[in-house]
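Have a look at the structure below, then the notes.
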Amino acid sequence: MKADSKEVIQGYVLTAAKYDFSRYEKLIMYKMVEIAQDDLKGKKLGPGYSINQTLFNDKILEIPIKDFLPEGDKNHAQVKKALTSLRNKTIEYEDAKEWRLIGIIEKPVVEKYSDKVIFEVQPLIWEAILNFSKGHTRYELHAAMNFKSVYAMRFYEMFSKNLKPLTLHIDTLKERFGLSDKYTNRPADFIKYVVVAAKKELDSKSEFSFNYSILKDGRQMSSIKFVPYHIPTNKN
């Protein structure tokens, strides 16, 4: 991935969606957000990129495979694995009218002679990426794509340019991160391996990180209060 700094805006519907993605799946999603925003602005896409539309309003994206990878990473097999996984996954989508599960991408193809990736995106996924009606997140694309932890990516999306304290029930956060069936009755392990590990990476790489405190219901850990803060020395 080219290391140019670029800020993108992501609808809060997607930021707060319930899913469990691998790092490479998140990298693919970040490129989808970037392309959707460029298309919305009417901005000319880069070399090797194209976006077309089917009769059913599905978007057909063509993207160089190298642009799904962080700097220095040439692991094309991981991109193919992530495309396969995204093809088999759904996002839970809900608005004022309906709730539904939507396939994230369809018909992924890797053209070996050109190292170009082609896949289709359903209209509601495209809408979720650009739906700013419930708020939005602004983040710097290069920073987001170079985190190693998918949970650092999720926290970065939540707190980038948003310094308002936020309190979330531990079960709510686990559900959002697709971890409802993990760390069962072990909130301390969830905090150690997800929250603390993500904070450590944000502190070292990100312009935004957070402090946190544990709230208890009796003797049981119940919620986490996050207090985001700015680290100007980490600015890209």
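All values reported here derive from a predicted model rather than from experimental measurement.
Side-chain atoms of Asn88 come within 3.5 Å of backbone N or O of Thr84 as a donor-acceptor pair. Between the side chain of Arg154 and the backbone N or O of Arg176, at least one donor-acceptor pair lies under 3.5 Å. Looking at Lys174, its side chain does come within 3.5 Å of a backbone N or O of Lys182 through a donor-acceptor pair. Within the 3.5 Å criterion, the main-chain N or O of Phe147 finds a donor-acceptor partner in the side chain of Arg23. The backbone N or O of Glu25 lies less than 3.5 Å from a partner atom in the side chain of Ser22, making a donor-acceptor pair. Looking only at distances, no side-chain donor or acceptor of Glu62 sits under 3.5 Å from a matching main-chain atom of Lys116.
Salt bridge absent: Lys59 and Glu120 never bring a charged side-chain N and a carboxylate O closer than 4.0 Å.
Counted by atom type alone, Tyr229 and Asp203 present one or more donor-acceptor pairs between their side chains at under 3.5 Å.
Note: the hydrophobic cluster containing Val227 does not contain Ile231 (ILVMFWY, side chain heavy atoms under 4.5 Å, direct or indirect links). Linking Ile, Leu, Val, Met, Phe, Trp and Tyr residues whenever their side-chain heavy atoms come within less than 4.5 Å leaves Met32 and Val109 in two separate clusters. Note on Leu215 and Ile191: separate hydrophobic clusters, where clusters join Ile, Leu, Val, Met, Phe, Trp and Tyr whose side-chain heavy atoms are under 4.5 Å apart, directly or indirectly. Residues Tyr49 and Ile60 do not share a hydrophobic cluster, clusters being chains of Ile/Leu/Val/Met/Phe/Trp/Tyr side chains in contact below 4.5 Å.
Ile118 places a side-chain heavy atom less than 4.5 Å from the side chain of Glu111. The shortest distance between side-chain heavy atoms of Leu86 and Phe119 does not fall below 4.5 Å. Annotation: side chain of Ser209 is in contact with side chain of Lys199 (closest heavy-atom distance under 4.5 Å). Using a 4.5 Å heavy-atom cutoff, the side chains of Tyr151 and Leu202 are not in contact. In this structure, the side chains of Met153 and Tyr156 stay at 4.5 Å or more apart for every pair of heavy atoms.
Nearest heavy-atom pair, Pro187 versus Asn185, reported as atom, atom and distance to 0.1 Å: CD-C, 3.4 Å. Annotation for Leu179 and Val194: closest pair CD1-CG2, 3.9 Å, computed over non-hydrogen atoms. Smallest separation of non-hydrogen atoms from His230 and Leu163: N-CD2, 4.1 Å. Closest approach of Pro47 to Pro64, counting heavy atoms only: O-CG, 3.9 Å. Of all heavy-atom pairs spanning Lys216 and Arg219, the tightest one is CD-O, 4.1 Å. Residue Gly103 comes nearest to Ile125 through the heavy atom pair O-CG1, 3.5 Å, listed as atom of the first residue, atom of the second, then distance.
Rounding to the nearest 0.5 Å places CD1 of Ile63 at 9.0 Å from OG of Ser50. With rounding to the nearest 0.5 angstrom, the NE2 atom of His169 is 10.0 Å from the CD1 atom of Ile224. Within the model, atoms NZ of Lys31 and CG of Asp67 stand 5.0 Å from one another, a figure rounded to the nearest 0.5 Å. Interatomic distance, CG of Asp58 versus CD1 of Ile105, reported as 12.5 Å (0.5 Å rounding). Rounded to the nearest 0.5 Å, atoms NZ (Lys192) and CZ (Arg186) are 11.0 Å apart.
Here the rule is ring pair (Phe, Tyr, Trp, His ring centres under 6.0 Å) with Phe159, and of Tyr212, Phe208, Phe210 only Phe210 fits it.
Relative orientation of the Phe155 and Phe226 rings is tilted, given thresholds of 30° and 60° on the angle between their planes.
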